[in-house]
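Note that the structure is a prediction, hence the values are computed from the model and not measured.
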Amino acid sequence: MERRSIGAGALAVGAVGLGCMPMSWAYAPSRRRGHESLAAVHTALDLGSNLLDTADLYGPFTNELLLGRVLAERRAEAFVSAKVGLRAGDQHVVADGRPGYLRRACDATLRRLRTDVIDLYQLHRVDPDVPVEETWGAMAELVGAGKVRALGFCALGAGAGPGAGRRGDRAYGTTVRHLERAQQVFPVSAVQAELSVWSPEAAWQLLPWCAARGVGFLAAMPLGSGFLTGTLTPGEGFESQDVRARHPRFTAHAMASNQALVAGLRRVAGRHGPGVTAAQVALAWVLAQGPQVVPVPGADRARWAAENAGAAQVRLTAGDLAEIAALPAAVGAWD
């Protein structure tokens with residue numbers, strides 16, 4: 001698989017990563033199968049999708065434990081991206097950027113992952129009660145201690161998951177200000193935010209900021225939480241604990257209206273051969289947004305991990321990109 005570089009330190013990763021959240025958190029609890037999730041991780045590594053994106057929040061903690069079982073055998077093949085700064089409470093999630101908490105959380109993550117170093121440690125959310133310089137400085141100390149190799153910053157948009165904020169220029173304007181302050185303390189190697197055909201907002205402000213500074217960009221939810229795969233049926237519904245059950249783009253009406261996006265991706269896929277899927281075109285669109293962009297699609301089945309990895313071989317033409325750009329905007333916004 002093509003390799004891409006993250007940050008000034010030129011951390012090399014496969015062009016398509018693996019988002020591990022669906023294995024343990026947020027989506028369809030009844031579908032979680034530990035052995036199938038383990039197979040998905042092994043398949044991703046076999047195919048070069050070596051960036052494994054996790055967080056202590058996912059489960060909480062169980063996703064790191066699951067990955068630890070793979071890393072115990074294949075740590076040298078993996079690029080571990082973990083997150084800190086969100087704690088699960090009773091029916092809610094709380095941001096916590098206190099230095100003491102971050103140090104304890106890092107040590108616990110290392111134990112669960114069965115590793116002695118985290119390749120990329122990301123601040124999941126900014127704690128409004130702690131100056132970002134204080135939080136970032138504590139994370140920089142973890143680099144100095146040899147527990148972390150590089151630092152990243154999450155800026156997920158509205159509907160992205162528990163604790164998410166509002167999407168768009170306003171939210172990302174705040175993120176850019178936080179990034180500028182953090183940069184004065186320690187280099188930001190990567191920024192993670194939602195970016196997909198149906199949520200392109202990060203490309204308007206965050207991506208140019210990263211490109212101008214040699215900062216990597218991890219594209220979260222590049223498949224629109226599964227919608228852009230074309231495998232979800234409007235009106236089928238979701239389990240009550242599935243975050244999509246409360247997402248305005250996953251109402252039956254919005255899903256029906258947004259089928260035009262999937263149809264457009266399928267048209268493009270059809271021109272690239274019988275084996276190319278709408279999901280692979282959606283990921284190829286993300287890859288085409290810049291050489292520092294790495295999509296991190298979630299997958300909890302080996303066949304989906306393999307399909308996602310295959311997107312690295314799809315090369316969209318200028319005509320393809322123009323056709324995708326002309327697709328209607330998604331229906332169902334948070335603002």
Side-chain angles (χ1 to χ4, degrees), residues 1 3-21 23-24 37-38 40-42 44-46 48-87 96-125 134-154 182-183 185-192 214-218 220 292 294 296:
M1 181 183 288
R3 307 283 278 184
R4 295 197 165 190
S5 296
I6 293 178
L11 304 169
V13 299
V16 177
L18 176 65
C20 300
M21 183 183 75
M23 302 174 186
S24 312
S37 293
L38 289 170
V41 180
H42 282 292
L45 292 176
D46 290 343
S49 290
N50 68 327
L51 190 154
L52 308 179
D53 190 64
T54 186
D56 53 6
L57 178 69
Y58 302 160
F61 311 129
T62 54
N63 194 247
E64 292 180 337
L65 289 169
L66 184 147
L67 284 184
R69 295 169 62 182
V70 177
L71 296 177
E73 305 172 14
R74 307 183 66 173
R75 179 63 181 94
E77 301 171 64
F79 182 97
V80 179
S81 169
K83 305 183 189 75
V84 69
L86 281 180
R87 293 189 292 107
D96 193 337
R98 295 171 299 163
Y101 169 74
L102 297 175
R103 287 190 286 269
R104 294 191 299 275
C106 180
D107 288 342
T109 287
L110 289 168
R111 288 194 297 272
R112 287 188 291 267
L113 290 174
R114 303 189 196 183
T115 185
D116 57 1
V117 65
I118 298 165
D119 296 304
L120 179 68
Y121 206 31
Q122 301 185 75
L123 179 60
H124 215 158
R125 292 293 184 277
E134 186 175 333
T135 297
W136 202 250
M139 295 178 69
E141 291 175 3
L142 298 173
V143 179
K147 298 178 180 181
V148 173
R149 290 199 171 101
L151 300 182
F153 203 99
C154 290
Q183 280 280 65
V185 177
F186 192 86
V188 177
S189 289
V191 173
Q192 181 167 6
V215 173
F217 188 94
L218 306 187
Q292 80 280 26
V294 177
V296 189

Less than 4.5 Å apart, side chain to side chain, heavy atoms only: is that true for [X] and [Y]?
| X | Y | result |
| --- | --- | --- |
| Tyr58 | Met23 | no |
| Lys83 | Thr109 | no |
| Val80 | Leu113 | yes |
| Leu52 | Leu71 | yes |
| Arg125 | Cys154 | yes |
| Arg3 | Asn50 | yes |

What distance separates [X] [atom1] from [Y] [atom2], expressed to the nearest 0.5 Å?
| X | Y | atom1 | atom2 | value |
| --- | --- | --- | --- | --- |
| Leu67 | Thr115 | CG | OG1 | 11.0 Å |
| Arg111 | Leu65 | CZ | CG | 11.0 Å |
| Glu64 | Leu57 | CD | CG | 9.5 Å |
| Ile118 | Leu151 | CD1 | CG | 10.0 Å |
| Asp53 | Leu18 | CG | CG | 8.5 Å |
| Ile6 | Leu218 | CD1 | CG | 5.0 Å |

Residues in salt bridge (Lys or Arg N to Asp or Glu O under 4.0 Å) with Asp56, at least two apart?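 Listed in chain order: nothing, the list is empty.
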Nearest non-hydrogen partners of [X] and [Y], listed with the distance:
| X | Y | value |
| --- | --- | --- |
| Ala15 | Val294 | O-CG1, 3.4 Å |
| Gln122 | Ser81 | NE2-OG, 2.7 Å |
| Leu11 | Ala150 | CD1-CB, 3.5 Å |
| Gly85 | Leu123 | CA-CD1, 4.4 Å |
| Gly152 | Leu120 | N-CD1, 3.7 Å |
| Tyr121 | Leu142 | CE2-CD1, 3.7 Å |

Pairs where residues 135-154 contributes a residue and the test salt bridge (Lys or Arg N to Asp or Glu O under 4.0 Å) is met, not counting sequence neighbours: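 Checked against salt bridge (Lys or Arg N to Asp or Glu O under 4.0 Å) - neighbours excluded - the pairs reaching residues 135-154 are Arg103-Glu141, Asp107-Lys147, Asp119-Arg149.
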Is the backbone of Met21 close enough, under 3.5 Å, to the side chain of Asn63 for a donor and an acceptor to pair up by distance?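 Such a contact is absent between Asn63 side chain and Met21 backbone.
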Please check this pair: side chain of Arg104 against backbone of Gly100, looking for a donor-acceptor N/O pair closer than 3.5 Å. yes
Checking Glu134 now: which residues fulfil side-chain contact (heavy atoms from CB on, under 4.5 Å) with it, not counting sequence neighbours? Pro99, Val130, Pro131
Heavy-atom neighbours of Arg69 CZ exceed 12 at 6.0 Å: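 No, CZ of Arg69 has 12 or fewer neighbouring heavy atoms, counting only those of other groups under 6.0 Å.
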Verify side-chain contact (heavy atoms from CB on, under 4.5 Å) between Arg75 and Asp116, making sure each step is shown before the conclusion. CA-CA 10 Å; Arg75 179 63 181 94; Asp116 57 1; 5.8 Å; no
Apply side-chain contact (heavy atoms from CB on, under 4.5 Å) to residues His42 and Val70 and explain how you reach the verdict. CA-CA 7 Å; His42 282 292; Val70 177; 3.9 Å; yes
Using 30° and 60° as the class limits, which term best fits the ring planes of Trp136 and Phe153: parallel, tilted or perpendicular? tilted
